[in-house]
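Worksheet: the structure to be examined is printed underneath.
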There are 2 protein chains.
Amino acid sequence: MPKAQEEDFLPLRDSVYNKLRQAILTGEYPPGERLMEVHLGDKLGVSRTPIREAIRMLELEGLVTMIPRKGAMVSQITEKNMSDVLEVRRALDILCVQLACERITSEGINELKKARDNFEKAVATNDNRIIAQADVEFHNVIIRATGNDRLISLEDSLSLPMYRYRYEYIKDSSGHDNLVKEHRKIVNAIEKRNPEAAASEAGEHIDNQRRSIMRQIRLEREEETMNALYGKRTIR
Amino acid sequence: MPKAQEEDFLPLRDSVYNKLRQAILTGEYPPGERLMEVHLGDKLGVSRTPIREAIRMLELEGLVTMIPRKGAMVSQITEKNMSDVLEVRRALDILCVQLACERITSEGINELKKARDNFEKAVATNDNRIIAQADVEFHNVIIRATGNDRLISLEDSLSLPMYRYRYEYIKDSSGHDNLVKEHRKIVNAIEKRNPEAAASEAGEHIDNQRRSIMRQIRLEREEETMNALYGKRTIR
DNA sequence: CCGTTTGTTTATGTATACAAAGTCAGAGGT
DNA sequence: ACCTCTGACTTTGTATACATAAACAAACGG
């Protein structure tokens, strides 16, 4: 018998977790949306148990806020909130490049250069989706080069909350020239194993990101205020 | 009506979570110990559901490792593992004092001085439990002074894995004099709002901690090896 | 005697049932 | 007209039952 489907047998809770995470990050479930267990269970065709476990995981990552006996909702994104995350990420990103300077292998450097070139090619396409993807991959190369598993997973969970803003950030960066230049500088510093230079470039890089994201959030907030004043359209 | 018990009505999962966490941190459940749901449920007098949720939480914090379809066990503490955590904490601790320099209020400074004095009094008692407690509180004052909620919760979960070693660390620090001096230096730097000095002191502080913890882990490992060679005694 | 296979046991994965708390609306009284 | 109380309904909290995979052991065959 052929048994066509050699599917991954990952537990339902993980599958649910991925779906919910995706839905939250793409904005399908906007901040403030209540996540009700039976409802989600019906929608995804599973019982409450895996849903509950998935929600617990999302809560620990900060994407979901739970109030006991009340239920779960998609976390509000406040300026303070995002600012806090970025502040931490700044320190950790700098740590990443510093460690990378010490520990990156020659293969790692090749990989990094490839990621850099890939990013520049992506910029040439002018497709923001491709650019964002290449950008993530570039950073991942650096993060992995640290060899610090805890740092890797922290960076991962701290980047999550701002994936929503990544597009706008990419679009923002005037002609993408800055991004390309910054990436090049970082690669050069790491290649020369110069932690100070790398740290300062990485700091600048994330400061720019911060400016863009903050502007974005303020825009959203203004829009919300307008809606509140002049009547809110339904989301969908 | 008096209604004597104004007890916190925290959900069972949180109560279970606290108990398990405590048991792991005190070493009652040593690394590698399997955590079986029915067994724990019987022991704590609750059903599997809250147990499962508590285990999920512990997993996200890194205290427990899960293998699908296999079960959960207390995470092994490896040197690499601990080193990774300390590397991250070093960066975050430095960030903490830097932010504290910028943001601490005058009440905060008073609180900090009080915590410092408290620590010195604790040292005078020569009771390691009291000293450890005062040390945690001292650091918490600084962490809270940053006003960064994300940083606060990260510091919290990153300190967890090494609570097991805190005693030894305290005991180690020759006569506690170093600890007292380091704390004083940090307080002075923050009071003068001198981020560079504060950063360098905080760095030194955690480097010392690192040395002590690493020595401790190596001792444990040696002991394990001896046991493996000459016959292991039962744990209890 | 060893290896393979199969059955039994044990623990997890998932679903569902029941209990209790919270919410909201409507009836009734002031 | 407003406030309050009550009761139904909604939703989470917890327990339990059933399904399925993994581990171990015993039996069978080579």
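None of these values were measured; they are calculated from a predicted model. Throughout, protein chains are lettered first and strands after them, A, B, ... in sequence-line order, and every chain is numbered starting at 1.
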Those residues at least two apart in sequence (or on a different chain) that pass salt bridge (Lys or Arg N to Asp or Glu O under 4.0 Å) with A:R48 are A:E37

Taking distance alone, no hydrogens or angles, what donor-acceptor pairs closer than 3.5 Å link side-chain atoms of residues 134-145 of chain B to residues at least two apart or in another chain?
from, atom 1, to, atom 2, distance (Å)
B:D135, OD1, B:H183, NE2, 3.1
B:D135, OD2, B:R166, NH1, 2.7
B:E137, OE2, B:R144, NH2, 3.4
B:H139, ND1, B:D135, O, 3.0
B:H139, NE2, B:H205, NE2, 3.2
B:R144, NH2, B:E111, OE2, 3.2

In short, side chain to side chain donor-acceptor pair (under 3.5 Å) pairs touching residues 91-106 of chain B with sequence neighbours left out are A:E87-B:R103, B:R89-B:D93

By salt bridge (Lys or Arg N to Asp or Glu O under 4.0 Å), A:R215 pairs with (sequence neighbours left out) A:D172

Contacts of B:Y29 meeting ring-ring contact (aromatic ring centres under 6.0 Å, His included) (sequence neighbours excluded), chain-then-number -> none

Those residues at least two apart in sequence (or on a different chain) that pass side-chain contact (heavy atoms from CB on, under 4.5 Å) with A:K19 are A:S15, A:L44

Numerically ordered, the residues 56-65 of chain A set in heavy-atom contact under 4.0 Å with DNA chain D is A:R56

At a 4.0 Å cut-off to heavy atoms of chain A, the contacted part of DNA chain D spans D:dT11 to D:dT14

Any donor-acceptor N/O pair, B:D84 side chain to A:D149 backbone, under 3.5 Å
yes

Give every pair of a protein N or O atom and an N or O atom of nucleotides 7-12 of chain C that lie under 3.5 Å apart, one pair per line with the distance.
from, atom 1, to, atom 2, distance (Å)
C:dT12, OP2, B:E37, N, 3.2
C:dT12, O2, B:R69, NH1, 3.2

Determine all donor-acceptor pairs shorter than 3.5 Å in which one atom belongs to a side chain in residues 63-77 of chain B; sequence neighbours excluded.
from, atom 1, to, atom 2, distance (Å)
B:T65, OG1, B:S75, OG, 2.9
B:S75, OG, B:G62, O, 2.9
B:S75, OG, B:L63, O, 3.2
B:S75, OG, B:V64, N, 3.2
B:S75, OG, B:T65, N, 3.4

The salt bridge (Lys or Arg N to Asp or Glu O under 4.0 Å) partners of A:E53 (sequence neighbours excluded) come to A:R13, B:R52, B:R56

Across all chains, not counting sequence neighbours, the side-chain contact (heavy atoms from CB on, under 4.5 Å) partners of B:D127 are B:T125, B:R129, B:I130

